[in-house]
Amino acid sequence: MARKVIVHVGAPKTGTSFVQDLLFGARPRLAGMGICYPADRFDAHFLAALDLMQLTWGGLEREAGGSWDRLAAQVRDWPETAIVSHEILATASRAHVAKALRSLSTGDTEIHVVLTARDLVRQIPAEWQENVKHRRIVKYADFLAHLQDPSRQHGVASWFWGVQEVPDILDRWGSTLPRERVHLVTVPPPGSPPDLLWHRFAQVLGLDPDEFVLEDDVRTNASLGVAEAAVVRRLNEQVNGVVPNHHYRAIVREALVHQNLSRDRRSARLSVPPEVWAWAADLSRSWVSDLALRGYDVVGDLDDLLPAEPLPWVDPDHPDVEEFSDTAVRALTAMTVEAARLRDREVELQHDIEDLIDKLDAAHSTPIYKLKQRLVAKARTSPLAARGLGIYRRLRGRNSRST
Amino acid sequence: MSPMDARDEAAYAARVRAWAGDLRTGSTRTWRDFLDAPVTDVQTADDGPLPGAAQLELVRRLAGGDGPIPRFAELADLVATTAGPGRGLVDAPLPWPSRRTVGTPAVEPDELPAEELLRASAGVLARLLTPEAAIPAPRRPAAWRPWRRGFTLLGAPTTVELVRGALLQRGLREGGSRTTWFVLGGPLEDLMAQRWSARVRAGAGLRWQRLWRTAATNDRLPPAIALPTIARYVSDQFDPARVHVVLAEEPGQALAAVAEVLGVPAGTLGPTADVLATDLLRRVNPVLGLAVGEEARRRVVDRVWPEIAGGEPVAPLGAPAAQLDWAVAAGERMADALRAGRYAVHGDPALVVPTRRSDVRRVPDPDAVLEHALRVVARAWQRYTQRSTERGVQP
C-alpha cells in the first residue's frame, strides 16, 4: 500500500483547534490504527508552519527553528498514513507549498490536501475578533474597508485573503495534485449537530467518527460579543507598548478572553453591516460556482459556503455605552481575581525562597566558608589577592565563581 | 477584460519565465516594456513555482544597482526561487491581458510597495548568510597585562563597542581593580538609535517607533542608556573620582575624550552600521534565526553584518513626532541630573536634549532602506560566492 500523507491546511476559524486537539489526544490510538499525528506538544504543527513560512508570531518563532524539517522527517519515516494540520498553512506561497510537499514525500507517497471552509460572512467578524485577541487595535470599520480594498496591500487584508480565499488556497496547495486528492470539507451551517464537522473530517481521514469520544476539554475558540470585542480592542490601545507579548498572551488572551469574556458572552454576536453582507454573499456565490467546476472531493455541501440570513447589525466601533461599561467592569473583576491568584502564588514562592535562604545561611555559617568570603572580598581591593584568586579558580577548573 | 483560462495561464507562465530569463542576463527592462517588446527565445531558469512580482522586481533592481555583480545569473536564480518570508502579499502576480478571478490582484512590479521588496530581500539575505553559521567565532584570549591602565565603558552601546575596540588595540586592559569608569553618551536621539541598534543586533524585531513609544509610555529611558543612573550607581559603588561621563556628538569625539583621560593617543574609528542597516536587520533577524538558530544568528550578525551592511553615514533619525515632547522633557531631566552628579562630566550636558528641528526624518524611510538592502544583498552575494569558491562548491 502506498504511504499516505494528509495535509490539513486550514482555514482558521473552521474548527481546526478542535480537530487538532482531538488528533493530539488520540495519538496512541491513531498509531495503533496505522495513523501518525507526529507531535510532542500540542502546538508542534503550528511551530512547524511558522518555520516553513518563516513567519514571526510575537516571539514564538524563536522556538520554531528546524521544526518543519523535524516534522517532515517524522512523516517520511512513518510507513502508513500521517497527518499534518495547521490553519496558518493556508497562507503558504507556492514556493513554500512546493517545499512542504517535497519534504513530506518519499516518492511513493500519496499526498492529500484538506481545507475546511466556512462561509465568508461568518469568517469576517471571526477574523477581526482574532485580530483583536492578537493585540491589534484596528477598528472594525477600517478592517472591513481593508478587506474590500482591491489592492489588498494592507497587512490585515493580505493575511485575511491569504488564509480565507478558499479557491486561491486550493489553487496554491492543490495545483500539482490530482483533483480527487484535494478535499474541501465545508463547515455545517449554524444549528447543525455539533459533531457533524468531525464526522465530515473523519470521513476524509478514513476514520470511524464514533470511535472517538469528543471530550469537553478540547480547545474551542468561543466567540466574543460586540461589547466584549470592543473592550478588548480598547484595552489593546492602552497596553500595547507596555505589556510584553508573553504577558499579554497569559493575562489578556488566556485569563481575560478565553477564561472569562468568551465563556460568558452577554452582548450581541458580531456580524457585518448589510452592504458588506451583500458584497460577501456575491463573492461567496462566485467562489461556489468556481469550486463546483474544479472536481475536488467536496465533503459536505458547497452551499454551506453561502451565507445564512444576516444577523442584526451592531457596530462594535460604537457599542452601547451601558453594555460596554458592564463588560469593562466584568473585565476588571476578572483581572482583579487573576491578580489575587498571582499574588497568592507570589506569597507561596516567597515562603519557598525564605526556606531556601535559611538553608543557605546554615551552609554559609561554617568557618571555612567565612574565610573564603574574606579572601574574595580582599581580592576586590588588592591586585595581589585578585591574582591569587584567579590562579586558584583556574587551577580548580570549574565554572562556579561563587568562592 | 476576460477571465483567465487554462490557455491564458500557460501563456502567462511562459511569458513570466521569459522575463525572468531576460532579467537574469542583467536586463533592467520593466515588465511593462517586456510585454510590449516582441517575443524572443530566452533561456529560462527553472520550471518550479512561478516567481512572484516581488522576486522578479528585486532581480531587476539588483541589476540596476551601483556596479556589476559577479555571476549575476546565479544570484537572479537564487532571488527568483526564494519565497518572501512572513506576512505580505501572497504570490503577487504580474498584470496580464486577461483577468484572474481569485488570488492576490496583479500588480506592476515597479509599483510594488518598498515593504514587499524588503520582505523578499530579507529572505534572500537570510539564505546568503545561512552558510556563515557554520564558521566558528574566532576566539580572542585576553592577555593579562596588570601593568596597563584599566578601563570600563558603559552607556551608548555602539560607541562603547567602537571605543572599547580601539582601546584594546592600543594595549589597554578592560576592567581590573583600579579601572577607570567611563559612561559614554551623546544626544538622546543618538543614544536611542544606538540602543535600537544593539537590541536589533541581539535579535529583537523592534521598530524605531516602538522603542520610543515604550519608553514614553513607561516614562523611562532604557536602563542601558540612562546615563545619570549608571553614573550614580558606579559612583556610589566605587570612587567617584574614577568615574567620567563623556558626552560627544559622535564616537570619534568620545574616543578622543576617553583617550585624553587615560593618557593614550586617540586615533580614528571605523564606520558604523547606521539606521538603514538596523531597520534592514530587524527584518532579516527572524528569518535568519529560524534558519540557523538564535545563537548562530547572533554570531553571524556580530561577525558579518558590519562588513556587509556598513554604509555611507545617513542623517540620524529624530524622535517620532508623537514622542517628541516627551523626548525633550526626558533629555532635559537627563541634562539636569548629569549637572548635579558627583562625577566628572566631559562635554556639555545640554547636548543630550533633542532639538525640535523640522528638517529631520522621524521614522526610517522604507525606500532608503530598500536602496541600502540592494547594496547589502550585492555584498552578501559576493561574500557567498567567494566562500563557495573557497570551499569548491557551486553556490
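The figures here come from the full heavy-atom set of this structure, side chains too, leaving out hydrogens, waters and symmetry mates. Chain letters run A, B, ... following the sequence lines, proteins first and then strands; every chain starts at 1.
Neither the backbone nor the side chain of A/D69 has a heavy atom closer than 4.5 Å to any heavy atom of chain B. Looking at A/R152, both its backbone and its side chain come within 4.5 Å of chain B, counting heavy atoms on both sides. For A/L50, the part sitting under 4.5 Å from any heavy atom of chain B is the backbone (N, CA, C, O) and nothing else. Contacts between B/V107 and chain A at a heavy-atom distance below 4.5 Å involve the side chain alone, from C-beta outward. Interface residue A/W159: only side-chain heavy atoms are found under 4.5 Å from chain B. Neither the backbone nor the side chain of A/A157 has a heavy atom closer than 4.5 Å to any heavy atom of chain B. With a 4.5 angstrom heavy-atom cutoff, B/V102 touches chain A via backbone and side-chain atoms both. Contacts between B/R210 and chain A at a heavy-atom distance below 4.5 Å involve the side chain alone, from C-beta outward. With a threshold of 4.5 angstrom between heavy atoms, A/A386 does not approach chain B through any atom at all. Both the backbone and the side chain of A/Q153 come within contact range of chain B, with heavy atoms under 4.5 Å apart. Using a 4.5 Å cut-off between heavy atoms, A/S286 makes no contact with chain B at all.
Taking 4.0 Å as the cut-off between side-chain N and carboxylate O, A/R41 and A/D43 count as a salt-bridged pair. With respect to the salt-bridge test (charged N to carboxylate O, under 4.0 angstrom), the residues A/R172 and A/E165 do not qualify. The pair B/R298-B/E295 does not meet the salt-bridge criterion, since no charged nitrogen lies less than 4.0 angstrom from a carboxylate oxygen.
Separating the CG atom in A/L52 from the NE2 atom in A/H86 is a distance of 12.5 Å, to the nearest 0.5 Å.
Ring centroid separation for the pair B/W181 and B/F151 does not come in under the 6.0 Å cut-off.
Applying the salt bridge (Lys or Arg N to Asp or Glu O under 4.0 Å) test to B/D236 and every residue at least two apart in sequence or in another chain returns B/R342. B/D110 pairs by the side-chain hydrogen bond (donor to acceptor under 3.5 Å, both in side chains) definition with B/R32, not counting sequence neighbours.
Among A/G65, A/A95, A/S158, A/S175, the residue with the largest count of heavy-atom pairs under 4.5 Å with chain B is A/S158. Considering only heavy-atom pairs separated by less than 4.5 Å from chain A, the leading option among B/G86, B/G103, B/A83, B/P85 is B/G103. In terms of heavy-atom pairs under 4.5 angstrom with chain A, the leader among B/G289, B/A92, B/G52, B/P113 is B/P113. Between chain A and the residues B/P105, B/G293, B/A126, B/G203, the most heavy-atom pairs under 4.5 angstrom are made by B/P105.
Annotation: B/R207, atom CZ; neighbour count of heavy atoms from other residues, nucleotides and ligands within 6.0 Å does not exceed 12.
Between the side chains of B/D219 and B/W326, at least one donor N or O lies within less than 3.5 Å of an accepting N or O.
Each of A/T186, A/V298, A/L305 was compared with A/L291 under the side-chain contact (heavy atoms from CB on, under 4.5 Å) criterion, and only A/L305 meets it.
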